[in-house]
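Below is one structure, written out as structure tokens; comments come after it.
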Amino acid sequence: MITFDNVTKRYPGSHEALTNVSFTINQGELVYVTGHSGAGKSTLLKLMAAIERPTTGTVLINNQNVSKLKSGTLPYVRRKFGLVFQDHKLLYDRNCYHNVALPLSINGITGQDAGKRIRAALDKVRLLDKEKAMPITLSGGEQQRLAIARAVVSRPSILIADEPTGNLDKVYAADILQLFNAFQQVGVTVIIATHDALGNSQNEHVSSKILHLNQGRLVKAEVAV
Amino acid sequence: MITFDNVTKRYPGSHEALTNVSFTINQGELVYVTGHSGAGKSTLLKLMAAIERPTTGTVLINNQNVSKLKSGTLPYVRRKFGLVFQDHKLLYDRNCYHNVALPLSINGITGQDAGKRIRAALDKVRLLDKEKAMPITLSGGEQQRLAIARAVVSRPSILIADEPTGNLDKVYAADILQLFNAFQQVGVTVIIATHDALGNSQNEHVSSKILHLNQGRLVKAEVAV
Amino acid sequence: MKSWLTQHSQALKLVLSRFKANLLNTLFICLAIGVTLALPSIMYTVLSSLSGLANNVKSESQISVFLSADQAVDTATAIKAALEKNAEVKSFKFVAKEDALKQLETATANNNVLSSLEQNPLPDAFFITPKNLDAASIESLKNDLAKLEGIEEVVVDGAWIKRLNYLILIGQKAMVIITSLLGFALVAVIGNTIRMQILTQQAEIEVSQLIGATKSFIRRPFLYLGALYGLIGGLFALFITYAVISVFNQSLNTLSREYQTDFSINLPDITSGSVVCLLSLVVGLVSAYFAVSKSLFKNIN
Amino acid sequence: MKSWLTQHSQALKLVLSRFKANLLNTLFICLAIGVTLALPSIMYTVLSSLSGLANNVKSESQISVFLSADQAVDTATAIKAALEKNAEVKSFKFVAKEDALKQLETATANNNVLSSLEQNPLPDAFFITPKNLDAASIESLKNDLAKLEGIEEVVVDGAWIKRLNYLILIGQKAMVIITSLLGFALVAVIGNTIRMQILTQQAEIEVSQLIGATKSFIRRPFLYLGALYGLIGGLFALFITYAVISVFNQSLNTLSREYQTDFSINLPDITSGSVVCLLSLVVGLVSAYFAVSKSLFKNIN
Ligand SMILES: Nc1ncnc2c1ncn2[C@@H]1O[C@H](COP(=O)(O)OP(=O)(O)OP(=O)(O)O)[C@@H](O)[C@H]1O
Ligand SMILES: Nc1ncnc2c1ncn2[C@@H]1O[C@H](COP(=O)(O)OP(=O)(O)OP(=O)(O)O)[C@@H](O)[C@H]1O
Ligand SMILES: [Mg+2]
Ligand SMILES: [Mg+2]
């Protein structure tokens with residue numbers, strides 16, 4: 001599904017954020033990307049989601065080489081992903097409902113059908129009562145959950161979440177991980193970057209893969225059961 | 001130093017974020033504000049820093065009633081604080097050095113003296129090598145550390161940090177808490193909001209106060225030694 | 001087809017709701033566009049009215065034929081018949097020497113000066129408007145007329161035509177300069193406004209691109225916005241033009257009475273009104289396109 | 001005092017560095033301001049040159065004194081002496097009847113028409129420029145002159161003055177309308193630009209306020225920005241005015257030769273140039289102040 005072959009990423013005017021990374025993620029896997037701050041987790045996720053392009057090496061998504069995609073087809077590749085950004089990237093000029101509506105409207109889904117799906121997504125992150133609130137009036141954790149609702153509303157086949165529980169307390173974090181597990185259960189590939197490496201006891205019964213990064217190098221890729 | 005007397009905060013068009021909160025923080029204390037997501041931690045911190053005003057009740061900072069401050073004197077009250085915002089609030093149109101320079105230039109400190117202090121602050125959060133980088137090119141954790149550098153550069157007498165380690169791995173988090181402890185050691189009042197209530201073993205030797213919030217109510221105010 | 005319609009109505013709805021949310025701001029901007037657009041429109045209206053007047057004056061009389069003094073009345077009649085037959089003559093006017101003297105009295109604004117004349121020194125005259133105004137036709141007509149009997153002199157009023165043409169030329173030159181300056185200002189105003197809108201929407205644009213919006217999806221609302229600004233600005237411009245010219249015409253009326261002429265500037269008709277609106281709509285659309293393309297895709301591959 | 005200086009130089013430095021960073025954009029905006037400002041400046045220059053011309057014409061001759069026919073030469077000499085003594089007379093010109101006839105010939109543009117005159121029908125005349133141009137003084141002067149001996153008639157050239165004044169009045173009316181329209185456009189352009197800048201800097205403003213910046217600290221760079229936009233815009237306006245009027249004057253020259261007059265529009269001098277720059281600087285400053293005050297403190301208590 002997603003294959004990295006000898007990928008190196010160097011940002012202009014910076015040292016290498018990723019060095020010679022190779023791995024494969026199969027359809028329906030649950031993958032944790034771990035590592036210290038600045039190790040390259042977000043960079044790895046951005047390369048997977050076709051937001052950045054590798055400096056050298058190849059990134060294959062569904063056997064398509066991301067570097068060789070035409071800019072016209074890029075949007076359609078990106079629609080396969082549900083993305084939770086580390087900095088949320090919410091839109092502060094519209095309420096929660098319309099924030100979640102954005103991916104649907106981009107996919108051309110409007111009207112009643114859209115309304116149902118948006119409310120279902122908000123309900124999953126327990127924000128249904130904040131439907132009409134503006135994101136700026138939400139607490140940090142509420143904003144993070146809103147970002148998650150937006151990522152899942154379009155029922156993506158790949159879910160990529162960058163530190164989705166950094167601002168959440170244990171109870172909510174468990175909740176969200178439950179949600180991700182549920183997605184994995186129905187065949188969605190779930191990729192999560194996190195700094196508190198697998199400290200969540202709730203996940204012990206789910207088989208998952210760990211990609212551990214250290215200063216841009218893939219140190220170990222192990223499967224925990 | 002900071003006294004809350006029966007403080008209630010209701011945002012327009014929202015239920016009460018804080019209800020009847022009373023406590024006192026003395027000069028030089030280290031205070032943790034804990035509670036689940038949406039409990040009112042950030043609201044409490046904003047009231048302390050004179051960014052929001054209480055709906056009812058009084059907030060006293062150095063025996064000054066915040067509600068009765070004239071808008072002309074408000075800036076000078078705020079300069080006493082070093083603030084780490086939950087959403088960082090970095091300026092993305094200037095590099096790290098100039099981000100940290102902002103509080104100093106507001107205080108009228110420029111030139112060589114400022115330069116020394118800025119570099120010292122960046123060094124404390126281990127970002128000295130990123131001095132010239134733009135914040136947008138920093139990883140999530142690096143941005144958080146930059147926000148901390150900006151908060152401490154003007155040597156405030158009160159340090160207020162909202163989830164300062166949410167995006168940091170254990171090693172860096174311990175680092176930052178060390179930094180805060182160092183500030184407390186020299187008489188600075190340090191107030192930290194966090195959702196992982198005192199899970200940090202490093203702090204066990206430091207006496208600290210905990211304000212635990214639940215749905216806007218102060219459930220317990222205890223002193224841990 | 002249906003999805004195409006949905007997309008467009010969605011974009012339009014978005015723009016209209018934003019219009020409503022910032023009504024005062026929007027009106028302010030449209031007014032600025034209207035003002036900028038009103039000036040060339042006023043200029044054009046005034047100039048086209050003036051050049052209509054000039055055409056009138058121009059065709060009033062270009063060739064004067066003076067008969068020799070003490071001519072018998074039937075000479076004039078013969079010449080009249082010859083002129084009527086000549087295809088090159090559009091129209092002509094006979095002024096008898098008595099009438100000419102009266103006119104001279106009026107022109108010198110003093111009835112007494114010439115009253116003491118014992119003998120009328122002025123000749124009978126024909127004032128002829130030629131059909132074709134180009135130099136060659138006028139020259140050949142002049143030669144034809146000079147051949148007629150009993151004619152003292154044929155004078156072509158060339159200097160006057162030259163001067164008038166020159167004045168109109170200057171007016172047109174001024175209009176070209178002013179219109180291009182203002183056209184530039186217009187593009188700058190609309191372009192800046194759209195860029196401001198883009199700045200406000202920068203986060204939305206970025207996020208939309210990241211989660212798979214196509215370029216045309218992002219561009220669409222801004223194009224509608226530009227077109228709407230242009231259209232409303234154009235309507236404002238028309239309104240201002242109407243108001244200004246009406247006020248002007250009132251002043252002109254008083255002056256015209258003074259001059260015993262009946263000149264007023266024509267208000268723009270429906271055709272030129274729609275041309276103004278259409279033009280400003282297009283300017284708005286094009287400025288929006290460039291502003292979007294410039295601001296939109298600079299940081300994202 | 002020192003900190004005051006530091007603060008200002010700091011703000012100015014910030015603005016200049018941003019100017020440099022967005023040089024093209026900045027120039028574009030200044031050019032738009034310049035264009036908007038150039039039009040009233042051109043209008044004013046042309047109109048002031050014209051009204052200078054009008055004043056010339058106005059003061060050329062307002063009272064004509066015609067002597068009775070067949071007067072002895074010493075009557076004219078006596079009148080001349082009387083006119084020289086009269087304090088109300090600014091200057092006068094004597095035109096003998098022979099010269100008047102020649103002028104009439106030139107005026108009717110036909111040498112042959114009047115050549116057959118056996119006797120000169122025109123009188124000797126004095127053309128007088130009064131010192132005071134108000135109606136009362138002119139009336140009393142007229143009465144004084146009428147009392148002199150050997151005078152047939154005194155004519156006050158009232159209609160011409162009335163018409164000319166009316167024309168100038170219309171011109172001034174047009175300028176007031178256009179200037180106020182453009183003034184409005186100018187404020188809109190500069191104000192919008194500053195608001196755009198504020199939008200870009202919104203995060204900085206918010207954060208600065210949160211960490212203790214005073215309002216004047218935040219406002220200062222925007223005021224400098226507005227003033228600089230105004231100043232540079234004003235300089236552009238002056239440049240455009242110079243260029244346009246120079247081009248215009250070339251056309252006018254050809255026309256003037258045609259009319260045998262020597263009229264050209266004066267280029268703005270240093271005084272009016274600095275007035276334009278100062279004015280646009282102030283407009284920039286004021287627009288900036290309002291834009292900042294409007295955008296700055298809306299969400300923060
Ligand atoms: N756009 C960019 N331009 C230049 N350097 C960048 C850019 N983005 C990231 N970097 C650098 O690349 C390195 C890896 O960044 P990345 O965001 O992938 O880290 P991370 O593992 O997500 O860290 P964190 O846990 O703090 O979010 C960092 O040193 C960062 O400064
Ligand atoms: N500006 C605002 N307007 C309206 N409601 C607000 C505003 N700010 C916060 N709230 C609401 O007040 C409540 C408490 O918010 P607060 O930010 O204090 O929570 P928190 O304890 O910081 O949570 P987190 O751990 O998620 O950051 C939340 O329900 C939030 O939606
Ligand atoms: Mg990251
Ligand atoms: Mg919070």
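Excluded from the calculations below are hydrogen atoms, water molecules and symmetry mates; all remaining heavy atoms, backbone and side chain alike, are included. By convention in this document, chain letters (A, B, ...) are assigned in the order of the sequence lines, proteins followed by strands, and residues within each chain are numbered from 1.
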Exercise. Let me know if B/F85 has heavy atoms under 4.5 Å from chain D in its side chain, its backbone, both or neither.
Key: side chain
Exercise. Sort out for me which of B/P103, B/S105, B/G108 touches chain D most, counting heavy-atom pairs under 4.5 Å.
Key: B/S105
Quiz item: Contact part of D/Q10 toward chain B, heavy-atom cut-off under 4.5 Å: side chain, backbone, both or neither?
Solution: side chain
Self-check item: Distance, nearest 0.5 Å, that separates CD1 of D/I211 from NZ of B/K89
Solution: 11.5 Å
Quiz prompt | B/F23 atom CZ: more than 12 heavy-atom contacts under 6.0 Å | solution = yes
Quiz prompt | Atom CD of B/E16: over 12 foreign heavy atoms under 6.0 Å | solution = yes
Quiz prompt | Spacing of B/I51 atom CD1 and D/L210 atom CG [to the nearest 0.5 Å] | solution = 4.5 Å
Practice problem: Would you mind reporting whether D/V207 and B/R150 have side-chain heavy atoms less than 4.5 Å apart? | Solution: yes
Quiz prompt | D/T214 vs B/R79 side-chain heavy atoms within contact, under 4.5 Å | solution = yes
Quiz item: Between B/I106 and D/S208, what is the shortest heavy-atom contact and its length?
Solution: CD1-O, 3.7 Å
Quiz item: Should the heavy atoms of other residues, nucleotides or ligands under 6.0 Å from CZ of B/R155 be counted, would the total exceed 12?
Solution: no
Quiz item: Within a radius of less than 6.0 Å around CD1 of D/I270, do more than 12 heavy atoms belonging to other residues, nucleotides or ligands occur?
Solution: no
Exercise. Mark yes when over 12 heavy atoms from residues, nucleotides or ligands other than B/Y92 sit less than 6.0 Å from its OH; otherwise mark no.
Key: yes
Self-check item: Minimal non-hydrogen separation, D/Q209 against B/R78, with atom names
Solution: O-NH1, 2.9 Å
Exercise. Inspect the surroundings of CG in D/D269 and state if more than 12 heavy atoms from other residues, nucleotides or ligands are less than 6.0 Å away.
Key: yes
